[in-house]
Amino acid sequence: MRQKLLEIFERLLRNYGPRHWWPAQGPFEVIVGAILTQNTAWTNVEKAIGNLQAVGALSPRVLAGLPAAELERLVQPSGYFRQKARRLQSFARNLLERHDGSLERLFAGSLTEVRGELLALHGIGPETADSILLYAAHFPTFVIDAYTMRIFSRLGIVDDRQKYEEVRHLFLSHLPPDAPLFNEYHALIVEHGKTCCRKREPFCGACILSDICLLYSRRPQ
Ligand code: SF4
């Protein structure tokens with residue numbers, strides 16, 4: 001399995017090149033983006049981040065102190081704006097109360113400790129927590145998202161009924177604990193899922209994984 005996962009990574013990297021993720025300036029912006037990107041396209045997140053940037057709200061202290069209605073207005077382009085405004089403030093207030101607003105202090109614990117703290121916060125599920133841990137804190141954890149499930153179930157490596165933690169464990173247990181590898185691998189999965197292995201009508205004929213793909217091998221001749 002290790003060989004297979006590494007081979008898929010190498011092929012994706014050769015085909016798409018390094019993705020230079022995460023598209024953000026600094027770890028706090030990564031975290032804001034990870035919360036805002038839930039159930040929406042990145043272009044909408046960029047608009048919301050632009051609004052926050054324009055009023056100097058990309059800092060835990062400013063963000064935590066904004067009136068709820070004002071924050072909702074600023075993040076409205078990202079959709080589900082009431083929920084997301086609450087989630088952002090929950091994160092920022094926890095950071096201020098428990099770590100004096102310092103991400104360095106939050107990230108000083110072990111991967112398990114920090115992950116547990118993030119998962120206990122309002123509206124932070126495993127995918128958001130792992131995105132924060134990997135892209136803001138550079139912990140070696142794997143992000144499992146809809147693209148990962150789609151591609152790896154089509155390849156025959158996971159079952160799409162498997163739970164998040166099982167699939168995450170599959171990657172973590174077979175690959176070296178290497179944050180830059182996991183960073184690039186997840187970014188490449190997203191690229192492949194968006195451009196080739198699309199939800200409907202994937203471009204299998206042009207896919208660099210077609211010779212090892214279970215779904216493709218079962219296609220009608
Ligand atoms: S061959 Fe088709 S289904 Fe399989 S990974 Fe490639 S695009 Fe996806």
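We count ligands from 1, going down the list as the structure has it; atoms in each ligand are counted the same way.
Around atom 4 (Fe) of ligand 1, the protein N, O or S atoms found under 2.8 Å comprise C213 SG.
With respect to the salt-bridge test (charged N to carboxylate O, under 4.0 angstrom), the residues E7 and K4 do not qualify.
Ring centroids of F171 and F182 are separated by 6.0 Å or more, keeping the two rings apart.
Under the 3.5 Å distance criterion, with hydrogens and angles disregarded, a donor-acceptor pair is assigned to the side chains of N94 and E117.
The number of heavy atoms from other shown groups lying within 6.0 Å of CZ (R198) is above 12.
Rounding to the nearest 0.5 angstrom, the gap separating the CZ atom in R218 from the CZ atom in R154 is 13.5 Å.
Applying the ring-ring contact (aromatic ring centres under 6.0 Å, His included) test to pairs two or more places apart or on separate chains, none has a residue in residues 70-103.
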